[in-house]
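Hydrogens, waters and symmetry mates play no part in the numbers below; they use all other heavy atoms, side chains included.
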Amino acid sequence: MTAAAPPVPPGACPPPPGPVPAPVTAPAARPLTPVSRVLTLCLHALLLGLLVLAAGRAVADSAPRAGWVIGACVLLAAVYAAGVRAPVVHRSPRAGAVWLAGLGAAWAGLLAVSPDGLWIAFPLYFLELHLLRLRWGVAAVAVTACAAIGGFLAHSSAATPGAFLGPLLGGAVAVATVLGYQALYRESERRRELIEELITTRAELAAAERSAGILAERERLAREIHDTLAQGLSSIQLLLRAAERALPEGAPALPHIAQAREAAQENLAEARRFVRALTPPDLEHGSLAAALERLCAGVPGPRVRFSLSGRPRVLPTPYEVALLRIAQSALANVVRHARAGRAEITLTFMDASVTLDIVDDGHGFDPSSAASGSGDGGFGLPAMRSRAETLGGLFTVESDPGQGTAVAVTLPLPLEPLDAMDPVEAP
């Protein structure tokens with residue numbers, strides 16, 4: 001059974017007002033809203049006003065027990081104020097129940113000496129519903145209503161319907177008001193949590209987009225440097241070597257050609273250092289297979305297994321980057337859309353090609369609708385296909401609704417990794 005009301009800070013409670021929080025197992029309280037604070041103050045003012053009214057009526061009517069009425073009102077106000085101000089009452093449900101019992105005893109004393117004590121039952125209803133668990137709170141409200149009816153009958157010889165209906169209807173209204181407020185409060189809390197989650201997710205998404213943009217720019221620069229500067233400097237070296245072989249020994253231009261070739265060699269080495277520095281962090285501390293294995297281990301949700309087939313080869317950096325990015329994108333789709341329980345990544349090295357397979361047992365989809373952009377995630381697959389086809393590879397997707405998904409990319413292997421190609425040395 002959950003608590004009858006959400007937690008509140010010391011000395012206050014959410015509307016309908018009541019100064020007592022839920023059991024300490026509830027989530028930590030947050031500061032009251034202005035509406036909650038006003039309604040809490042209204043409860044304090046209501047109880048104090050009713051006590052002043054009961055004491056004033058006793059004095060104005062010159063009741064025989066006016067002194068006792070005033071004393072009972074002062075005692076009840078003191079017990080109430082002590083419970084509101086005592087921190088232990090707001091931390092311990094047991095201490096709160098003891099305080100409520102003392103408050104009930106003081107109210108019973110007032111009810112015994114004045115019929116006007118009946119009015120105090122209404123604020124007590126809210127206190128009991130907020131202090132006790134729901135079943136015990138409703139039972140306490142019923143007992144309080146019966147005590148109010150009995151006290152009124154003890155001071156009046158005539159039993160009227162109002163004597164019964166007033167306390168009972170007041171208790172029913174209090175129960176309905178508290179239950180309705182609790183439903184609204186829970187709905188408000190769910191919305192608040194949703195908004196906080198949305199804000200957090202938006203910040204994480206912005207950070208992920210910045211990181212992805214940085215990585216994409218690094219990859220682009222590495223690819224451009226490799227495909228333009230590095231290859232151009234390599235070609236320059238080859239041409240200079242050919243010029244050296246074509247010139248006779250002792251030709252005046254030979255020293256200049258040798259210096260130009262050395263400068264080209266140094267700049268080629270520097271360009272390759274730039275390419276290595278711009279390599280994605282996942283590939284900086286190991287091979288592609290190690291990066292894929294780390295990727296599988298860090299996927300939240302489905303169990304992902306990595307397997308390696310064939311004899312591993314050193315791949316060009318653009319190949320490793322493309323295969324790693326395709327694997328990351330495919331696993332992201334598995335986590336976000338497939339609702340899979342298991343997935344497997346297989347990296348296969350063959351004589352003339354390397355193949356990456358990503359298979360899951362999720363819900364599957366219609367590849368034709370995703371390719372046409374009519375699905376709800378139509379960008380990931382075209383981006384993966386573009387990466388594969390840029391390197392002359394083949395990208396395929398096999399899936400059916402309810403049958404899981406298989407993504408495969410095959411890249412042809414060059415005779416020698418591009419990053420390892422040096423100018424041919426002269427014989």
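Between Q237 and R261 the shortest heavy-atom distance is NE2-O, 3.3 Å. Nearest heavy-atom pair, I257 versus A243, reported as atom, atom and distance to 0.1 Å: CD1-CB, 4.0 Å. What you find for L240 and A260 is that their closest heavy atoms are CD1-C, 3.6 Å. Between G392 and P412, the shortest heavy-atom distance links the atoms O-CD, 3.4 Å. Nearest heavy-atom pair across S307 and E344 is OG-OE2, 3.5 Å. Residues V79 and W99 approach most closely at O-NE1, 2.8 Å, considering heavy atoms.
Taking OG from S399 and CG from D360, the interatomic distance works out to 7.5 Å, rounded to the nearest 0.5 Å. The line from CZ of R202 to CD1 of I199 is 6.0 Å long, rounded to the nearest 0.5 Å. Considering CZ of R190 and CD1 of I195, their distance stands at 13.5 Å, rounded to 0.5 Å. The CG atom of L46 lies 7.5 Å from the CZ atom of F122; values are rounded to the nearest 0.5 Å. Expressed to the nearest 0.5 Å, how far CZ of R339 lies from CG of D361 amounts to 13.5 Å. Note that CD1 of I358 and OG1 of T346 are 9.0 Å apart. Values are rounded to the nearest 0.5 Å.
Under the 3.5 Å distance criterion, the side-chain polar atoms of T200 are matched with a main-chain donor or acceptor of E196. Side-chain atoms of S386 never come within 3.5 Å of backbone atoms of P382 as a donor-acceptor pair (strictly under, hydrogens ignored).
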* Derivation and outcome, side-chain contact (heavy atoms from CB on, under 4.5 Å), residues Y125 and V175 -> CA-CA 8 Å; Y125 293 152; V175 171; over 6 Å; no
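Put simply, the side chain of W107 reaches to within 4.5 Å of the side chain of T144, judged on heavy atoms. Residues F395 and L381 form a side-chain contact, since some pair of their non-hydrogen atoms from C-beta on lies under 4.5 Å apart. In this structure the side chain of L323 reaches within 4.5 angstrom of the side chain of L315, judged on heavy atoms. At a threshold of 4.5 Å between non-hydrogen side-chain atoms, the residues M384 and N333 count as touching. The shortest side-chain heavy-atom distance between L413 and R313 falls under the 4.5 Å cut-off. A 4.5 Å side-chain heavy-atom check between V354 and T348 finds every atom pair outside the cut-off.
Screening L356, V407, V359 for a side chain to side chain contact (heavy atoms under 4.5 Å, CB included) involving I345 leaves a single residue, L356.
Environment of CD in E389: crowded, with over 12 heavy atoms of neighbouring residues, nucleotides or ligands closer than 6.0 Å. Heavy-atom neighbours of E187 CD from other residues, nucleotides or ligands within 6.0 Å: above the threshold of 12.
Among residues two or more places apart in sequence or in another chain, the salt bridge (charged side-chain N to carboxylate O under 4.0 Å, His left out) test is passed with E193 by none.
Between E189 and R186 there is no salt bridge, since no side-chain nitrogen of the basic residue lies less than 4.0 Å from a carboxylate oxygen of the acidic one.
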